[in-house]
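Each chain gets a letter, A, B and so on, in the order the sequences are listed, and its residues count up from 1.
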Amino acid sequence: MNKNDLFILVVDDSPTMRRIIKNSLERLGYKDSVEAAHGKEALSQLKEHPVNFIITDWNMPEMNGLEFVTELRGDDEYKDLPVLMITTRGMKDDVLQAVHAGVNNYIVKPFTPETLEEKISKLL
Amino acid sequence: MDQENNFVPDPDAIKQNDYNEILSRIKHIKSLFAFGEGILPFLEELFIFLKEVSPMLNELSDSIMNTTGMMPDAAVELESAVAQTSDATYRIMDRVEHILEQIDALEKQIEEGKDVSKEFSELRNDAHTIMNALQFHDIVSQKLVHVRRVLAEIQQKMLNLFTRVYEMHIEDDVKENILATFGVNVAEFQRLMETKINVDNKMTDDSDAPEDLKKKEKEEKKKEEETDKPNAADFSQSDIDDLFG
């Protein structure tokens, strides 16, 4: 997969963060993306768009990031989608929980575009 | 007096003194009983008060221990929020100053008909850097949510304690004195209690509470519970990178 093939779903309850992430993605050459404010909305977006990469926050209302990833991994259609978690949670237990839930990589906020590029490239 | 002029006590007088002594002691004992009789109700009330207050004091002690533990945590979060905000503000200001310098340079370059692509590229980078620096808004918001939750918990605990005092079966003036030591005005507290009772009654009627508001309150509580862990034992990004390989 190259950059032009990616359709990224950005999930974060903060409109500011979604905008920052999308801005960074566009700057890195990832032009196609769609947003969601929480896990439930993200699941709806998955049905509507050809998403093949997910960037998600953890702390969100309705359905948090961990619950969303757990839901994804339990669904045959989405279980292999690469998931990058970008969150303020930086404790060891949090990261291990995320790994256990099926997150493929993890960034602690604040992130840099360089780190974002590195993590996405690793998962392609 | 006997024939040798020695003083001989009068046996009747001795008996009279003994009786007087005994009567005096009986009177003394009687006054003690009277005193005891008067003080017993007070002692009874005192023990009832101690019985009611003792669990409350244990709860207060636990609350103080818990909130003392929470307070440094909340203080750390606030300090961190201030530091993050300052840091981001300075980074943004640096970039804005650089942008202004670039604009001056661009003006001159354009007047001289020179290539300005480098300057435009730098301007673009500066704009992106500012955009990234604004992440502090989300990070600080989450820290403040945590602090807000700590303060709300402390407030609730104190309110519970004051309510317990208010509901105790003791004299009103004793209640007033106890609440006054915490700086609580009894009249204000009574008003607060009445308001609380009205709100509680209202909340039991589900048809009155708007669904959106209840849902929002539930979501905010869930999000607050999720953000309540401070980064006391942080895992660094390089530790995370090692974990994922």
Side-chain angles (χ1 to χ4, degrees), chain A residues 12-28 37-40 57-67 82-100 102-116 118-119 122-123, chain B residues 73 77 80-81 83-85 87-88 91-92 121 123-146 149 212 214-245:
Chain A
D12 196 305
D13 63 321
S14 163
T16 310
M17 276 312 299
R18 291 200 305 269
R19 213 163 140 181
I20 291 170
I21 294 170
K22 280 193 81 170
N23 177 270
S24 294
L25 288 172
E26 280 163 15
R27 190 183 172 195
L28 294 168
H38 50 74
K40 273 195 182 155
D57 186 14
W58 186 322
N59 299 321
M60 297 182 290
E62 295 274 353
M63 181 188 277
N64 68 36
L66 218 61
E67 290 164 347
V83 176
L84 171 62
M85 185 162 266
I86 302 182
T87 173
T88 52
R89 288 183 176 239
M91 291 170 77
K92 187 176 176 180
D93 285 347
D94 297 327
V95 181
L96 292 174
Q97 253 190 294
V99 169
H100 186 71
V103 166
N104 299 107
N105 219 315
Y106 198 100
I107 299 175
V108 178
K109 290 175 185 173
F111 69 91
T112 63
E114 294 74 27
T115 307
L116 185 61
E118 186 203 322
K119 301 301 175 197
K122 264 191 178 174
L123 293 176
Chain B
D73 174 40
E77 290 291 284
S80 170
Q84 293 254 0
T85 311
D87 179 55
R91 277 189 282 135
I92 289 168
S121 177
L123 272 176
R124 198 172 285 115
N125 283 341
D126 285 339
H128 283 300
T129 304
I130 290 171
M131 183 68 99
N132 277 326
L134 293 171
Q135 286 181 64
F136 83 92
H137 170 262
D138 179 47
I139 296 163
V140 165
S141 296
Q142 291 190 40
K143 289 182 190 295
L144 293 178
V145 160
H146 170 67
R149 196 187 67 77
D212 285 349
K214 282 188 349 184
K215 193 176 166 189
K216 192 177 175 199
E217 279 171 3
K218 201 176 160 190
E219 283 170 18
E220 278 182 9
K221 192 169 187 278
K222 187 184 174 188
K223 192 171 176 197
E224 279 182 27
E225 282 165 3
E226 286 174 356
T227 58
D228 77 350
K229 284 190 219 173
N231 290 330
D234 281 351
F235 213 30
S236 71
Q237 188 62 52
S238 62
D239 291 330
I240 294 168
D241 293 346
D242 289 341
L243 186 68
F244 283 94

Which residues pass the side-chain hydrogen bond (donor to acceptor under 3.5 Å, both in side chains) test with A/Lys119, not counting sequence neighbours? B/Asp241
Using a 4.5 Å cut-off on heavy atoms from C-beta on, say whether the side chain of B/Asn132 contacts that of A/Pro110. no
To the nearest 0.5 Å, how far apart are OG in A/Ser14 and CD in B/Gln142? 8.5 Å
Smallest separation among heavy atoms of B/Phe244 and A/Val95, with atom names: CE1-CG1, 4.1 Å
Highest number of heavy-atom pairs under 4.5 Å with chain B: which of A/Arg27, A/Lys109, A/Met17? A/Arg27
For B/Gln135 and A/Ile20, indicate whether the former's side chain and the latter's backbone hold a donor-acceptor pair under 3.5 Å. no
Side chain, backbone, both or neither: which part of B/Asn125 has an atom under 4.5 Å from a heavy atom of chain A? both
Which answer fits B/Leu243, side chain, backbone, both or neither, if we ask what part of it has an atom under 4.5 Å from a heavy atom of chain A? side chain
When heavy-atom pairs shorter than 4.5 Å are enumerated against chain A, which of B/Gln84, B/His128, B/Gln237 gives the highest number? B/His128
Quick check on A/Ile21 against chain B: is it the side chain, the backbone, both or neither that has a heavy atom closer than 4.5 Å? neither
Within residues 123-137 of chain B or reaching into it, pairs that qualify as salt bridge (charged side-chain N to carboxylate O under 4.0 Å, His left out) - sequence neighbours excluded: B/Arg95-B/Asp126
Around atom NZ of A/Lys22, are there more than 12 heavy atoms of other residues, nucleotides or ligands at under 6.0 Å? yes
